[in-house]
Amino acid sequence: MLSDTVDRASIERMVRQFYATILKDDIVGPYFIKALGDDLSNDKWYEHFKTLDSFWLMLMTGERGYMGDPFLPHVFIGELYAETFERWLELFKETLNQFFIPEIAQKFYRKAEILSEQFMENLEIVKE
């Protein structure tokens with residue numbers, strides 16, 4: 001059953017499933033494996049999940065808790081391409097649609113699209 005509520009629990013479930021999917025992907029998976037490893041239960045992933053949970057909760061509900069700059073870690077991840085962001089968005093949308101009703105999934109996705117556009121602009125990545 002799709003969730004019609006955005007709360008910490010629903011975000012945690014979605015985020016963990018999303019990154020389990022990401023690690024299997026040939027385009028975006030290697031970036032995350034290089035930075036955080038391939039074991040989602042390690043300490044690096046634990047910290048990343050805590051950050052992502054708070055980040056998405058803040059974006060979607062306004063609940064405070066996330067402190068940081070979401071862009072900064074991406075500067076050091078390696079060379080990124082428009083294709084990388086497009087694939088990340090595609091997988092994110094697929095995961096959102098597995099967890100949330102369409103209206104909520106679309107709100108998440110629109111925020112992700114905006115972030116993606118901002119990141120690509122900041123990294124001077126041009127869409128072809």
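Atoms considered below: every heavy atom in the structure, side chains included; atoms not considered: hydrogens, waters and symmetry mates.
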I would like to know whether Leu80 and Phe85 meet side-chain contact (heavy atoms from CB on, under 4.5 Å); could you show each step before the answer?
CA-CA 8 Å; Leu80 297 168; Phe85 286 92; 3.9 Å; yes

Apply ring pair (Phe, Tyr, Trp, His ring centres under 6.0 Å) to the pair Phe92 and Tyr109, showing each step before the final yes or no.
CA-CA 7 Å; Phe92 193 60; Tyr109 186 73; 7.3 Å; no

Could you go through Lys107 and Met60, starting from their C-alpha distance and side-chain angles, then the distance that decides it, and tell me whether this counts as side-chain contact (heavy atoms from CB on, under 4.5 Å)?
CA-CA 8 Å; Lys107 286 180 185 177; Met60 295 301 293; 3.8 Å; yes

Between His48 and Tyr19, is a side-chain contact (heavy atoms from CB on, under 4.5 Å) present by the stated rule, with each step listed?
CA-CA 10 Å; His48 191 60; Tyr19 283 96; 4.3 Å; yes

Where do Ser54 and Met67 land on the side-chain contact (heavy atoms from CB on, under 4.5 Å) test, with the steps shown first?
CA-CA 9 Å; Ser54 294; Met67 303 289 280; over 6 Å; no

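Atom CZ of residue Phe99 and atom CE of residue Met14 lie 8.0 Å apart, to the nearest 0.5 angstrom. Here Leu91 contributes atom CG and Gln17 contributes atom CD; the two are 11.0 Å apart, rounded to the nearest 0.5 Å. The line from CZ of Arg87 to CD1 of Ile22 is 8.0 Å long, rounded to the nearest 0.5 Å. A distance of 15.5 Å separates CH2 in Trp56 from CD in Glu63, rounded to the nearest 0.5 Å. Taking OH of Tyr31 as the start and CG of Asp25 as the end, the distance is 11.0 Å to the nearest 0.5 Å. Interatomic distance, Phe18 CZ to Glu94 CD, rounded to the nearest 0.5 Å: 9.5 Å.
Within 6.0 Å of the CG atom in Asp26, the count of heavy atoms belonging to other residues, nucleotides or ligands does not exceed 12. Tyr46 OH: 12 or fewer foreign heavy atoms inside a 6.0 Å radius.
The backbone N or O of Leu36 lies less than 3.5 Å from a partner atom in the side chain of Asn42, making a donor-acceptor pair. Of the possible donor and acceptor atoms, none in the side chain of Tyr66 sits under 3.5 Å from a partner among the backbone N and O of Asp53. Trp88 places no side-chain N or O within 3.5 Å of a backbone atom of Val28 that could act as its donor or acceptor partner. At least one donor-acceptor pair under 3.5 Å links the side chain of Ser10 to the backbone N or O of Thr5. Remark: the backbone N or O of Ala112 is not paired with any side-chain donor or acceptor of Ser116 at under 3.5 angstrom.
Under the 3.5 Å distance criterion, with hydrogens and angles disregarded, no donor-acceptor pair is assigned to the side chains of Glu47 and Thr51.
When hydrophobic clusters are built by joining Ile, Leu, Val, Met, Phe, Trp and Tyr residues whose side-chain heavy atoms come closer than 4.5 Å, directly or via intermediates, Val6 is not grouped with Ile114.
Shortest non-hydrogen contact noted between Ala82 and Val126 is CB-O, 4.1 Å. Heavy atoms only, all atoms of each residue included: Ile101 and Leu2 are closest at N-CB, 3.8 Å. Heavy-atom minimum distance, Asp39 versus Trp45: O-CD1, 3.2 Å.
Counting heavy atoms from C-beta on, the side chains of Phe108 and Leu59 never come closer than 4.5 Å. Annotation: side chain of Glu79 is in contact with side chain of Tyr81 (closest heavy-atom distance under 4.5 Å). The closest side-chain heavy-atom distance from Leu115 to Phe55 is below 4.5 Å.
At a threshold of 4.0 Å, the pair Lys93-Glu90 does not count as salt-bridged, since none of the basic side-chain nitrogens sits closer than that to a carboxylate oxygen.
By the 6.0 Å and 45° rule, Arg16 stacks over the aromatic ring of Phe49.
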